[in-house]
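See structure below.
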Amino acid sequence: MSWKKTSIIITMGNDKYNKGKKSTTYNNIIENPTQEQIKMFSDGLLLLSDGDVFLGSEVIKHDELGAE
C-alpha cells in the first residue's frame, strides 16, 4: 500500500451560508498534516474570508493498492 494523496475538508460557519455552514475540500496536501499545520491553514482562510468562523476539519488519506 502506498500513499496517493491526502485531502482536508474545512468547515466554516457564517450566516451567509446555507444552513449557516460551508464545507470545502482541499486536495493534494501533505501526507500527514499536524494539528498545528491545519490550524495555520484555517487561520489563513479566515483572514481571506468575510466574517467566517472555523468550525472544524476532517483529514482524508488516500492509499493506493496495486494488484498482485
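The figures that follow rest on heavy atoms only: side chains count, while hydrogens, waters and symmetry mates do not.
- For the side chain to side chain contact (heavy atoms under 4.5 Å, CB included) with Lys21, the qualifying choice from Val53, Asp52, Asn14, Leu55 is Leu55, the only one to do so.
- In the hydrophobic cluster analysis, where Ile, Leu, Val, Met, Phe, Trp and Tyr join through side-chain heavy atoms closer than 4.5 angstrom, Ile10 is grouped together with Tyr17.
- You'll find the side chain of Asn27 reaches within 4.5 Å of the side chain of Lys5, heavy atoms only.
- Rounding to the nearest 0.5 angstrom, the gap separating the CG atom in Leu65 from the CE atom in Met1 is 6.0 Å.
- Hydrophobic clustering of Ile, Leu, Val, Met, Phe, Trp and Tyr side chains at less than 4.5 Å, counting indirect connections, unites Met12 with Ile38.
- For residues 6-15, the set of pairs meeting the salt bridge (Lys or Arg N to Asp or Glu O under 4.0 Å) definition, not counting sequence neighbours, is empty.
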Taking it one step at a time, do Lys61 and Glu31 satisfy side chain to side chain contact (heavy atoms under 4.5 Å, CB included)?
CA-CA 7 Å; Lys61 187 173 176 182; Glu31 185 173 359; 3.4 Å; yes
Please walk me through it: do His62 and Thr6 pass side chain to side chain contact (heavy atoms under 4.5 Å, CB included)?
CA-CA 6 Å; His62 303 265; Thr6 303; 5.9 Å; no
Working note: Ile60 + Ile9, criterion side chain to side chain contact (heavy atoms under 4.5 Å, CB included); need CA distance, chi angles, decisive distance, verdict.
CA-CA 8 Å; Ile60 303 165; Ile9 300 171; 3.6 Å; yes
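- At a threshold of 4.5 Å between side-chain heavy atoms, the hydrophobic network of Ile, Leu, Val, Met, Phe, Trp and Tyr places Ile29 and Leu45 in one connected group.
- Remark: Thr24 engages Lys22, Tyr26 in a side-chain contact (heavy atoms from CB on, under 4.5 Å) (not counting sequence neighbours).
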Pair Thr11-Ser23, side-chain hydrogen bond (donor to acceptor under 3.5 Å, both in side chains): steps then yes or no
CA-CA 4 Å; Thr11 303; Ser23 295; 2.9 Å; yes
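- Partners of Asp43 by side-chain contact (heavy atoms from CB on, under 4.5 Å), not counting sequence neighbours, listed by chain and number: Lys39, Leu46.
- Distance check, rounded to the nearest 0.5 Å: CD of Gln37 to OG of Ser42 gives 12.0 Å.
- Both Phe54 and Ile8 belong to a single network of hydrophobic side chains, linked directly or stepwise wherever heavy atoms of I, L, V, M, F, W or Y lie under 4.5 Å apart.
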